[in-house]
Amino acid sequence: MADFEKILFKNIDFPDQDKIDIYIKNGGYNALRKALDSMSPESVTEEVIKSGLRGRGGAGFPTGRKWTFLPKDSKRPVYLTVNADESEPGTFKDRELIEKDPHLVIEGTLLAAYAIKCGQAYIYIRGEFAFGARQLNKAIEEARAKGFLGKNILGKGVDIEIIVHRGGGAYICGEETALLTSLEGNQGYPRVKPPFPAISGLYSAPTIINNVETLSNIPYIINKGAEKFSAFGTAKSPGTKIFCLSGHINKPGNYELPMGIPLRELLYEYGGGIKDGRNLKAVIPGGSSVPLLTADKVDVRMDFESLAEAGTMLGSAGVIVIDETVCMVRAAYNLARFYQHESCGQCTPCRQGTYWILAILERIERGRGSLKDLDKLLEICENIEGNTICPLGDAATPSVKSTIHHFRDEYEYHITEQKCKVSMGPRFE
Amino acid sequence: MAENITITVDGRTVDVPSGTLIIEAARKLGIEIPTFCYDDRLRPVGACRMCLVEVEKMPKLIASCATPVAPNMIVHTDSEKVVKARKGVLEFLLINHPLDCPTCDKGGECPLQDNTYTYGPAESRYGENKIRFIEDSKNQKFDDIRLGPEIFLNRNRCIMCFKCVRIVRDLAGEADLGVFQRGSFANINVLEEIELDDEFSGNTVEYCPVGALTSKSFRYKIREWLLKKSPSVCNLCSDGCNMNIEWSRGEVFRHMARRNSGVDDGWLCDRGRYGFDLSRAQDRLVRPHIRRDNKLQACSWDEASALLSKHLQNIIDTNKGSEVAAVGSPILSNEEAFAIRRFFSDVVKSENVDFQTEYPKPIEPELLDLIGLDGSIKDLESDSTFVFIGCDPAVEHPVVSLRIRKAVSTYKAKAVFISSHDKKLGYFPITNIRIPFSAEAAAVNYLVSRISGKTTGDMADFKIDPDGLNRLADNLKNAGRIHIIAGREFFNHPDRAALLVGLIKLKKSTGAKLSILPPQGNFIGVSRFGLFPSLGHSFENMLERIESGEIKTMFVFGANPIDEYPDRKYIHDVLKNLEFLVVVSPFANATASLASVVLPQAMLPDYGGTFLNIEHRAQKFTPMTENPHSDVKPAWAILGELSSLLDMGNIWYSDSQVRKVMIDTIKEIEGLDNLPDNGVVIRFPAKDGYDPGDVSLAEPETPGIDYPYIMNWTPSAHHHGWITEKSDNLMRISGKQIAWMHPDDAAREEISDGQVLRIGTAETALNLPVIITTGVNKGEILIVNSFSANPVNRLLKKGRPTTFVSVRKS
């Protein structure tokens with residue numbers, strides 16, 4: 001792999017990096033100072049567009065271009081909302097950034113707010129991240145004391161406030177419009193689009209929603225310039241990416257690596273190989289919502305385009321490693337239970353479909369399935385996909401579809417033999 | 001925004017204004033897209049996904065109910081993809097639906113049933129257990145839960161269209177209904193100790209697309225396909241909401257909305273909806289009665305008519321018409337009002353007719369032109385500032401208040417109430433400016449002086465804190481489209497003349513619209529079509545003439561002066577002086593018990609006719625065609641028969657025939673001949689430039705030491721007047737009669753919340769539970785009226801709409 005510079009995790013393990021003095025000593029808030037001193041909001045946006053930075057929340061939409069969708073002459077205030085509701089199974093990158101380097105997140109947020117001329121930013125943080133929320137609030141107060149945040153930042157006449165809002169622990173509130181509804185104080189229901197949040201978002205005002213990791217890239221881009229940033233990674237997926245390794249791997253954890261690194265390198269070089277020397281069976285490369293890759297696809301490169309080509313997605317880069325001891329029916333059941341539990345219940349296909357999928361998988365797990373169930377499952381998935389208000393419906397089906405597609409024999413064994421091909425047999429009696 | 005957009009739906013193009021939803025554009029072409037959660041009057045949620053359509057160049061199917069049209073859109077509503085998605089959605093909706101159609105009240109009129117027939121899969125592939133919501137109550141298990149006094153919810157049938165939640169939230173402005181849990185366990189419910197009992201709750205049942213919400217008064221009674229529908233108009237307030245009376249074998253089962261976008265927009269309030277049991281009420285009079293041996297005894301129509309015609313013949317022969325008086329009421333139809341006037345002036349030769357039995361003073365003839373809504377009901381949505389004086393629209397005009405709520409919630413209009421007690425429009429933002437009871441005239445005069453920059457009088461005399469009024473005056477100076485609305489309390493106001501002068505000046509100085517809205521049913525109709533005392537004595541004068549012996553015979557049509565007139569003892573004593581009292585009434589009541597002859601009157605839906613609502617819209621109501629009450633008759637039929645017995649012409653046998661005579665007599669009402677479904681607004685020529693001159697304000701009264709509280713009363717949203725008390729449904733939902741008092745007063749009297757009080761004058765008292773609230777003024781007691789056990793008019797004295805009372809623990 002080519003040489004690269006760590007953008008996000010450069011100082012992550014530096015002692016007391018969460019304290020503002022250390023953060024500044026390590027070059028922190030220079031980007032903010034530079035932007036306010038010598039850059040207009042438009043040129044900050046321009047730089048981010050040039051960098052090719054793509055959203056790290058899952059969809060990979062170009063960040064700078066997203067900012068330009070704001071109406072030019074809105075009479076309403078513009079809001080920036082930072083999505084820190086990191087709930088995708090297998091994903092734990094934002095959490096580490098927030099807890100260990102909160103000022104990086106704050107500086108990125110301030111830069112983005114400056115670029116889109118927003119005076120009030122919100123960080124919507126997952127309810128369970130109590131420590132992270134404390135870290136952010138502490139960082140905000142430290143930054144305020146130093147004049148980086150609040151009224152008249154660094155004497156440049158720019159006012160930006162940041163409020164940290166803790167969610168109630170619902171997966172759906174990581175969906176951007178549900179996040180806004182929740183932030184407004186309502187039940188976390190996604191909204192019908194259009195209108196898109198950039199036109200009518202929080203409190204019906206133009207709103208930009210960015211992921212924590214996305215914004216944490218911005219100080220580097222401003223400091224070192226877009227070209228330096230886009231030197232890493234691939235042409236269409238520039239920069240580095242935090243990969244969250246979990247599952248049957250010897251060294252699970254967060255790894256910041258350039259985009260486009262081969263999966264094999266990630267697993268065997270950085271991850272230290274499969275646990276206890278067992279064989280790899282499958283990998284879910286982008287959080288539980290993407291189709292899995294079978295072991296033979298281990299040479300795929302980890303960037304948006306290559307993974308799309310391989311029939312899956314980079315998503316949140318939550319890499320879940322599955323070894324040969326795992327029953328894929330059981331794994332699908334496990335994920336189906338998650339999506340059934342987290343479906344908000346607003347629109348029909350997701351509300352009823354996730355329940356139905358779970359009921360059938362449970363029956364198969366109990367050894368009471370029929371072969372017809374498999375096609376039925378695929379058809380239910382088809383009826384959910386694309387027909388829901390938000391992407392949760394689309395996120396619930398890949399685990400079911402890809403396990404049936406690649407491991408149909410395991411399902412059939414469950415059904416015909418009433419026991420499990422891999423492990424001890426059906427888990428339910 | 002005005003430019004049009006052309007889109008193509010299923011190969012046909014349509015031109016619609018930008019912002020139109022795809023589903024509406026398709027509707028314009030006659031293409032019906034199936035849906036459950038969409039209602040053009042509610043904010044779209046796009047939840048049911050039944051309305052998915054394919055739009056070319058869009059990767060996914062989109063919800064046509066939530067997506068506005070875009071230029072050159074090409075929409076397919078029945079492509080293979082759409083058909084499959086619809087089938088999928090229906091399959092999903094049905095997996096946890098109990099499919100208990102044979103026992104479900106919605107069966108036959110159920111959108112889920114209908115759409116499944118049309119678009120759904122023929123067979124179920126679902127073999128798992130269905131989710132079942134079961135309510136445990138006192139060791140018994142129920143599918144249904146009680147949400148309020150009238151509404152039950154079966155969550156198993158629910159398909160989560162959120163219509164009920166939106167109706168409660170966006171129309172009524174309440175937060176009573178909500179969604180609990182998530183995913184497939186998401187269910188609608190109310191919080192513990194909250195009742196779904198707002199004034200529009202019944203609409204949730206009517207618009208529920210499945211049988212999840214049911215009404216206590218209708219469920220398990222009859223199948224929808226056995227019901228016949230008679231188009232009708234509600235007359236329990238003066239809004240004139242259109243409805244269908246649904247009945248079978250002469251029994252009314254329910255009222256359903258009949259959408260008239262100019263009036264009700266398809267909503268009914270609970271009073272109108274659940275008052276359907278009135279025609280079968282226990283107290284309903286179905287046979288004539290004659291007083292024999294000092295007791296009212298049932299008799300035949302022949303007997304009763306013979307007695308009446310003999311009595312009238314005698315009067316006619318001796319030319320003593322002036323000894324006769326007739327009293328009508330706002331429950332009468334236009335035809336009845338007209339017939340009464342014609343009969344008494346042509347046949348009996350008496351001009352003594354009136355209908356204002358509720359007011360201490362009759363309204364001035366000049367006021368007639370000012371009564372009614374300025375502009376149309378729909379126009380209310382575009383007014384930007386409302387000033388309510390003596391009017392509580394949520395109670396007096398529930399459905400019309402929806403337009404005001406919409407103006408406030410959607411178009412950010414301001415609503416200001418000048419009143420002695422707090423009023424509200426759900427949770428929508430309004431301003432209450434509190435003044436002492438009956439100080440409205442002083443407050444309005446103060447506003448006028450302030451706006452025109454004149455010196456304002458000293459408000460200390462009237463105990464008015466001028467801060468709120470000053471702010472209002474400043475706002476009114478710059479506000480556009482102001483609408484001043486006076487209501488029930490205006491008619492009862494002790495200083496009505498001064499208040500009227502003030503209102504007219506306020507209208508002139510701000511360029512506002514001024515509406516004076518009577519709350520009772522056909523008030524405007526009966527006053528316009530004959531019952532206004534233009535030549536003879538008003539009701540107040542009639543009573544004096546009865547006392548002095550000049551009037552000896554009285555006919556009462558649909559009224560109940562003993563319960564209505566603001567001095568119960570006085571009216572009782574006066575009516576006892578009559579030689580001959582005829583009461584024509586749909587119900588037995590206190591006045592009828594004094595009568596010599598009682599005749600059973602037809603009411604909705606026994607007969608047909610027309611009403612005028614607050615915007616002078618004439619609307620037609622029709623009878624049900626099978627009626628078990630064969631002996632009940634409308635006033636025109638009774639009087640027509642008497643005329644024929646007296647051989648005097650004026651023989652009426654149908655409402656349309658009466659209408660023909662009316663049209664011949666009154667020029668302006670030509671349209672009455674052939675009324676369209678949505679009625680016709682009649683323009684009566686107004687006498688312009690009515691200037692009542694200046695009136696000095698009455699001195700505010702101060703209470704004595706023994707009776708330190710001033711008493712005021714108010715109607716309730718579900719029940720107002722003596723008639724609604726006859727409805728079991730309405731009494732069930734209207735709650736108990738209560739009184740309100742200020743915490744300071746309660747503390748001084750050592751009274752606690754909920755305690756039963758004896759509220760009384762020197763002669764008599766009412767015993768009522770009290771609610772302690774800062775919503776009323778110090779020194780004032782507010783009582784909910786119209787309960788016959790504790791009628792407020794027992795405390796009142798002739799000529800004064802209010803009185804001072806003392807309060808003791810009972």
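Quick note on labels: first sequence line is chain A, next is B, and so on, each numbered from 1.
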(message) Is any side-chain heavy atom of A:Gln352 closer than 4.5 Å to one of B:Ile131?
(response) no

(message) Can you tell me which portion of B:Leu52 sits under 4.5 Å from chain A's heavy atoms? Options are side chain, backbone, both or neither.
(response) side chain

(request) Let me know if A:Gln187 has heavy atoms under 4.5 Å from chain B in its side chain, its backbone, both or neither. (result) side chain

(message) Determine whether a donor-acceptor pair (N or O, by modelled atom type, separation under 3.5 Å) exists between the side chain of A:Arg363 and the backbone of B:Glu128.
(response) no

(message) Would you say that A:Arg351 contacts B:Arg182 through its side chain, given a criterion of any heavy-atom pair below 4.5 Å between the two side chains?
(response) no

(message) Atom NZ of residue position A:Lys236 - does it have more than 12 heavy atoms of other residues, nucleotides or ligands inside 6.0 Å?
(response) no

(message) Rounded at 0.5 Å granularity, tell me how far CZ in B:Arg86 sits from CG in A:Asn387.
(response) 11.5 Å

(message) For B:Lys87, is the NZ atom crowded, meaning more than 12 foreign heavy atoms sit under 6.0 Å from it?
(response) no

(request) Indicate yes or no for a side-chain donor-acceptor contact from B:Arg49 to the backbone of A:Ile384 under 3.5 Å, with no hydrogens or angles considered. (result) no

(request) Please say whether more than 12 non-hydrogen atoms of neighbouring residues, nucleotides or ligands are located less than 6.0 Å from NE2 in A:His341. (result) no

(request) Count the heavy atoms belonging to other residues, nucleotides or ligands that lie under 6.0 Å from CZ of B:Arg43, then report whether that count exceeds 12. (result) no

(request) Flag the one option from A:Lys193, A:Arg191, A:Glu342 with the top tally of heavy-atom pairs under 4.5 Å to chain B. (result) A:Glu342

(message) As an exercise, state the distance from CD1 of B:Ile95 to OG1 of A:Thr348, rounded to the nearest 0.5 Å.
(response) 10.5 Å

(message) Less than 4.5 Å to any heavy atom of chain B: does that hold for the side chain of A:Leu392, its backbone, both, or neither?
(response) neither

(request) Sort A:Ile380 into side chain, backbone, both or neither according to what part of it lies under 4.5 angstrom from a heavy atom of chain B. (result) both

(request) Heavy-atom distances under 4.5 Å only: say whether A:Asp394 touches chain B with side chain, backbone, both or neither. (result) side chain

(message) Heavy-atom pairs under 4.5 Å with chain A - which of B:Pro68, B:Gly88, B:Gly183 has more of them than the others?
(response) B:Gly183

(request) Please assess A:Asn383 against B:Lys84 for the test side-chain hydrogen bond (donor to acceptor under 3.5 Å, both in side chains), listing each intermediate value before the final yes or no. (result) CA-CA 8 Å; A:Asn383 281 339; B:Lys84 182 172 169 3; 3.2 Å; yes

(request) Examine whether an atom of B:Ala66 lies under 4.5 Å from a heavy atom of chain A, and if so say whether it belongs to the side chain, the backbone or both; otherwise answer neither. (result) both

(message) Using every non-hydrogen atom in the two residues, find where B:Ala47 and A:Ile389 come nearest and quote the distance to one decimal.
(response) CA-CD1, 4.2 Å

(message) Just verifying a value: how many Å separate A:Tyr355 OH and B:Lys130 NZ, rounded to the nearest 0.5 Å?
(response) 9.5 Å

(request) Nearest 0.5 Å please: distance from the CD atom of A:Gln346 over to the SG atom of B:Cys48. (result) 11.0 Å

(message) So which residue, A:Asp373, A:Thr354, A:Ile172, A:Thr388, ends up with the most heavy-atom pairs under 4.5 Å with chain B?
(response) A:Thr388

(request) Answer yes or no: are there more than 12 heavy-atom neighbours, outside A:Lys75 itself, under 6.0 Å from its atom NZ? (result) no

(request) Look up atom CE in B:Met160 and atom SG in A:Cys344, then write down how far apart they are to the nearest 0.5 Å. (result) 9.0 Å

(request) Using a 4.5 Å cut-off on heavy atoms from C-beta on, say whether the side chain of B:Glu91 contacts that of A:Trp356. (result) yes

(message) Heavy-atom cut-off 4.5 Å, strictly under: side chain, backbone, both or neither for A:Glu385 against chain B?
(response) neither

(message) Counting heavy-atom pairs under 4.5 Å with chain A, which one of B:Asn129, B:Asn96, B:Leu61 comes out on top?
(response) B:Asn96

(request) Examine whether an atom of A:Tyr339 lies under 4.5 Å from a heavy atom of chain B, and if so say whether it belongs to the side chain, the backbone or both; otherwise answer neither. (result) neither

(request) Pick one of side chain, backbone, both or neither for B:Tyr126, based on which atoms fall under 4.5 Å of a heavy atom in chain A. (result) both

(message) Please determine whether the number of non-hydrogen atoms from other residues, nucleotides or ligands lying under 6.0 Å from atom CG of B:Asp40 exceeds 12.
(response) yes

(request) Check whether any side-chain heavy atom of B:Val179 lies under 4.5 Å from a side-chain heavy atom of A:Tyr189, and answer yes or no. (result) yes

